[in-house]
Amino acid sequence: MSTMASPGNLTRQLAAVADALGPVLAPVDQRRQLVDLCALLRMATAAASVSIARVDGDDLYYEAADGTGAANVTGMRLASNRGIAGYVARTGQSLVVDEVLADPRFARDVAERVGFLPTSLLVVPVVDGDDTVLGVVSVLDRGSGTGDPLALASAAGHVAAPLLALSATLGRLGPLLVRALGDAVTAGEVTLGPALHRLAADLDEPDDATLEFAALLADVRLLPPATRQAIGRVVRETVQLASPRRRW
């Protein structure tokens with residue numbers, strides 16, 4: 001059997017690792033959860049529209065929305081130095097603006113492109129445990145809902161935080177896997193694991209840990225079926241013991 005690297009074989013390994021990582025990193029459809037979260041917050045605040053955006057470099061990427069203009073908002077990118085949402089993302093400060101058209105921070109051209117000009121806007125930051133801003137939750141034209149809209153939006157931000165962190169991780173993982181594939185082909189290797197380990201060693205947290213896990217998955221896939229099944233059972237039991245009880 002030839003020991004030359006086969007791009008086709010390595011591509012199949014890459015696909016297998018990506019498939020294995022999917023259920024581990026995303027046990028549920030996080031985007032669907034974000035959309036549902038937008039819908040719940042919109043109903044609770046009697047708002048015209050609710051959206052959730054993730055900080056992606058110098059941009060805000062709108063992961064999910066519900067209500068007026070949702071189809072045009074989802075997938076939109078907005079420079080984080082523009083708009084009221086961008087201001088909240090930069091400063092980490094919640095804002096309640098009841099006359100948005102008079103606010104100089106309001107990106108009117110973006111609203112016109114979406115097809116909806118709100119009169120009021122409530123925006124809260126989504127932060128992680130280190131107080132890093134991961135994104136923002138925006139409530140447009142809130143009405144008389146069932147509770148304090150600022151408190152409700154903040155609670156939604158807490159729920160959205162791990163989902164946005166997961167989206168960011170998955171967004172970074174794809175290019176890293178392709179980069180490892182190219183490295184393996186260049187090195188003439190027939191397996192993907194060594195390239196993944198090398199790349200993980202060159203990365204900073206949290207990407208190094210994620211890619212190292214991908215490398216371990218690649219190594220595990222080369223083991224006999226019975227060994228893979230035994231490792232799978234140990235991993236599942238460890239995750240169940242280490243994971244806190246999920247709360248919505």
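All values below come from the heavy atoms of this structure, side chains included, with hydrogens, waters and symmetry mates left out.
- At least one side-chain heavy atom of F116 sits less than 4.5 Å from a side-chain heavy atom of T68.
- Between V114 and G69, the shortest heavy-atom distance links the atoms CG1-O, 3.8 Å.
- Under the 4.5 Å side-chain contact rule for hydrophobic residues, L150 and V50 share a cluster.
- When side chains are defined from C-beta on, R82 counts as touching V110, because their heavy atoms get closer than 4.5 Å.
- A donor-acceptor pair under 3.5 Å links the side-chain atoms of D128 to the main chain of D131, judged by distance alone.
- Residues P125 and S94 meet the side-chain proximity criterion, which asks for heavy atoms closer than 4.5 Å.
- Applying the side chain to side chain contact (heavy atoms under 4.5 Å, CB included) test between V96 and each of V124, L122, V139 identifies L122 as the sole match.
- Looking only at distances, a side-chain donor or acceptor of S80 sits under 3.5 Å from a matching main-chain atom of D58.
- For the residue pair D141 and T119, a side-chain donor N or O sits within less than 3.5 Å of a side-chain acceptor on the partner.
- Counting heavy atoms from C-beta on, the side chains of Y87 and L95 come closer than 4.5 Å.
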Please evaluate residues Q93 and V88 with respect to the criterion side chain to side chain contact (heavy atoms under 4.5 Å, CB included), reporting the C-alpha separation (whole Å), side-chain torsions for both, the decisive distance (0.1 Å), and the verdict. CA-CA 5 Å; Q93 174 186 340; V88 171; 5.9 Å; no
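- Just one of L163, V159, D66 meets the side chain to side chain contact (heavy atoms under 4.5 Å, CB included) condition when paired with L34; it is L163.
- Hydrophobic cluster membership is shared by V127 and L60, with clusters built from Ile, Leu, Val, Met, Phe, Trp and Tyr side chains linked at under 4.5 angstrom.
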Stepwise, does the side chain to side chain contact (heavy atoms under 4.5 Å, CB included) test hold for Y62 with I52? CA-CA 6 Å; Y62 282 79; I52 297 176; over 6 Å; no
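- Transitive grouping of hydrophobic side chains (ILVMFWY, heavy atoms separated by less than 4.5 Å) brings V73 and V100 into a common cluster.
- M76 and L134 are assigned to two separate hydrophobic clusters, defined by single-linkage of ILVMFWY side chains at heavy-atom distances under 4.5 Å.
- Put simply, the side chain of L117 reaches to within 4.5 Å of the side chain of E112, judged on heavy atoms.
- A heavy-atom distance below 4.5 Å is not found between the side chains of E63 and V35.
- Counting heavy atoms from C-beta on, the side chains of T45 and L41 come closer than 4.5 Å.
- Closest heavy-atom contact between D59 and A79: OD1-CA, 3.7 Å.
- Of all non-hydrogen atoms in S138 and L121, the two that sit nearest each other are CB-CD1, 4.4 Å.
- Atom CG in N72 sits 10.0 Å away from atom CZ in R113 (nearest 0.5 Å).
- Across every non-hydrogen atom of G157 and V137, the tightest pair is CA-CG2, 4.1 Å.
- Each of L37 and V136 belongs to its own hydrophobic cluster when Ile, Leu, Val, Met, Phe, Trp and Tyr are linked at side-chain heavy-atom distances under 4.5 angstrom.
- Separation of atoms CZ (R42) and SG (C38) is listed at 10.0 Å; rounding is to 0.5 Å.
- Residues Y61 and G75 approach most closely at CE1-O, 3.5 Å, considering heavy atoms.
- Proximity of a side-chain donor or acceptor of D103 to a complementary backbone N or O of R105 within less than 3.5 Å is detected.
- Contact annotation: the side chain of V126 never approaches that of V133 to less than 4.5 Å [non-hydrogen atoms, C-beta and beyond].
- A pairwise comparison of heavy atoms in R31 and A64 identifies O-CB, 4.5 Å as the closest pair.
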